[in-house]
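Notes for the one structure printed next.
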Amino acid sequence: MAKPATLSRFVSLALRVPAATTSAGAALVVSAMLLSSAPVASAQNLPPVTTERLSASQQTQVREYVQARLDTLRAGDISSAAASQARRELIDPMRNRDASVAMRQAFAQAASEPLEAMVRGTDDQVAVVALLIAGNIADRASVPILETGLRDSREPVQIGAAAGAKAMLRAMSGRLGGAQADRQERVQRILADQLALTKSGHVAQSLIGALTALPEDPAFMSVSGSLIADAMAGQAGLRRRGVASADAEQAIADGWAGAMERAIAAQLAYQRASAIAGTDVPRETQKQGALLAGIALSLVRDAVDERLAGGESPEQTASFMNEQARLIRAGETLLILVESNLTARTDRQQRMSGLISRADAEGLIEAINRWVGPSGVLTGAPFSFPASTFGN
């Protein structure tokens, strides 16, 4: 069974996204299947992917094409050159933006049952490949396959399902009719449901990545922005309440700091998309975003305070602050923006980045407490969150 880190790297490269966007193993050596120099897929055995109506013989062509390549993936070493070629020849035609609905349906009819079986099998790498193929096919039959992957108990398979969902959302973008629009929102809600439930920070990051697959689409971001705010505010609250039995640093370990940062960045992207579209972000969603940012900062504050109380060297504390710098900066940026939106206050300045640069741990704690301390901004109107929400 492949390690989660290796599969995370595989998912990253298979989708051609930056390694930094995946889970903890993103820096590991690329697996052999991805290093193989498989040639660009040849579609010589397929009708043109733009074909709007397939004849019976063309449907047979598609079925034989798909089944032959799936047989290769199921029968041998998934990292072999032959398997890499088969994977590309299944995914590349569906990545064509002009692939017709008829072609996607034909691919789905030929592939759905085998892909479902591959996802349920014991080989993590085969399951991830199957999920990526299903996502790129982007037919309604892909949705239950992705759901199977998201519900799987294996972290790498869940990450693969999120990557497949991201590919599906991108494939549907720009060709939305009524049915496709409904399918897009269904996929968003399935991802958000899993985001609210997952116990893995790395899976959470991948789910947020899928939910922000179309950052320039205001309608898409309107749905995803609200879903992410609700799900991650709840997750942050769970992490915050769990500090009674675990230290604050543990609450943001194992991918959770990255998940909170990505969720906060998603709120900023939602604000930007709404501004471009000339629409407003709902007040409740803005408050949920502020709650998420406030809890995240309160956990960083407590972790820094624990380090100071434990007699850690200034250099070690400064190193920790730098590790959390992106989360801290994003959290402060969102809080300033939301406060401005809800109260019209415009004089608040960003301070935390400079405090991190100066390794001023006490100053950082004080700056965070201005937002989430016992009498912090978030405990008063228009937020009115109980001070205990932030561990006070």
Side-chain angles (χ1 to χ4, degrees), residues 15-18 20-22 97 135-136 138 142-143 146 150 161-196 198 203-236 258-294 296 326-327 329-342:
L15 288 177
R16 298 181 177 91
V17 297
T21 66
T22 57
R97 299 285 300 172
N136 277 283
S142 300
V143 178
L146 296 173
L150 289 171
K166 185 173 185 176
M168 182 172 183
L169 291 167
R170 286 179 169 172
M172 288 191 294
S173 174
R175 59 182 185 88
L176 295 180
Q180 289 89 348
D182 289 344
R183 190 179 309 147
Q184 175 179 282
E185 185 163 341
R186 181 185 171 196
V187 172
Q188 288 173 278
R189 294 190 180 280
I190 290 168
L191 290 166
D193 288 346
Q194 193 64 27
L195 180 59
T198 184
V203 172
Q205 289 185 49
S206 296
L207 293 166
I208 294 166
L211 282 164
T212 54
L214 307 173
E216 304 303 324
D217 182 337
F220 177 89
M221 289 303 297
S222 177
V223 174
S224 283
S226 295
L227 293 173
I228 292 169
D230 288 343
M232 281 302 295
Q235 287 280 17
M260 292 180 194
E261 179 207 329
R262 292 196 73 167
I264 292 168
Q267 296 309 298
L268 293 170
Y270 178 21
Q271 297 273 355
R272 176 176 176 272
S274 296
I276 292 172
T279 59
D280 294 326
V281 176
R283 184 181 183 88
E284 189 57 34
T285 298
Q286 297 207 54
K287 290 179 68 175
Q288 286 290 85
L291 176 60
L292 164 62
R326 291 180 57 171
L327 173 59
R329 290 170 184 144
E332 184 185 32
T333 300
L334 182 60
L335 288 175
I336 291 172
L337 178 59
V338 171
E339 184 191 30
S340 174
N341 290 343
L342 298 185

What pairs of residues pass the salt bridge (Lys or Arg N to Asp or Glu O under 4.0 Å) test when at least one of them lies in residues 263-279, not counting sequence neighbours?
Glu216-Arg272
Between atom CG of Leu214 and atom CE of Met221, what is the distance when rounded to the nearest 0.5 Å?
9.0 Å
So CD of Gln205 and OG1 of Thr198: to nearest 0.5 Å the spacing works out to 11.0 Å
Under 3.5 Å, is there a donor-acceptor pair between the side chain of Gln271 and the main chain of Val338?
no
Does a side-chain heavy-atom distance below 4.5 Å link Ile228 with Arg262?
no
Using 0.5 Å steps for rounding, measure from the CG atom of Leu146 to the CG atom of Leu169.
9.0 Å
If you look only at pairs with a residue in residues 329-339, which of them pass as a side-chain hydrogen bond (donor to acceptor under 3.5 Å, both in side chains), with sequence neighbours excluded?
Arg329-Ser353, Thr333-Gln350, Glu339-Arg348
Smallest separation among heavy atoms of Met260 and Ala296, with atom names:
SD-CB, 3.8 Å
Can you pull the side-chain hydrogen bond (donor to acceptor under 3.5 Å, both in side chains) pairs that have at least one residue in residues 273-285, sequence neighbours excluded?
Ser226-Thr285
Between Ser224 and Leu211 the two heavy atoms that sit nearest each other are OG-O, 2.6 Å
Which atom pair, heavy atoms only, marks the closest approach of Ala162 to Leu191?
CA-CD2, 4.5 Å
What is the minimum heavy-atom distance between Gln180 and Met172, and which atoms define it?
O-SD, 4.0 Å
Indicate yes or no for a side-chain donor-acceptor contact from Thr212 to the backbone of Ile208 under 3.5 Å, with no hydrogens or angles considered.
yes
Who pairs with Glu261 by side-chain hydrogen bond (donor to acceptor under 3.5 Å, both in side chains), at least two apart in sequence or on another chain?
Arg326
Any donor-acceptor pair under 3.5 Å linking the side chain of Gln286 with the backbone of Val281?
yes
Hey, what do you get for CZ (Arg97) to OG (Ser173), rounding to the nearest 0.5 Å?
5.0 Å
I need the minimum non-hydrogen distance between Pro215 and Ala273, along with the two atoms involved.
O-CB, 3.9 Å
Nearest non-hydrogen partners of Ser222 and Tyr270, listed with the distance:
CA-CE1, 3.3 Å
Under the side chain to side chain contact (heavy atoms under 4.5 Å, CB included) test, residues paired with Leu291 that sit two or more places apart
Ala233, Gln288, Ile295, Phe385, Thr389, Phe390
Listed by chain and number, what are the side chain to side chain contact (heavy atoms under 4.5 Å, CB included) partners of Ala293, not counting sequence neighbours?
Ile264, Leu334, Leu335
Listed partners of Ile190 passing side chain to side chain contact (heavy atoms under 4.5 Å, CB included), at least two apart:
Val143, Glu147, Leu150, Arg186
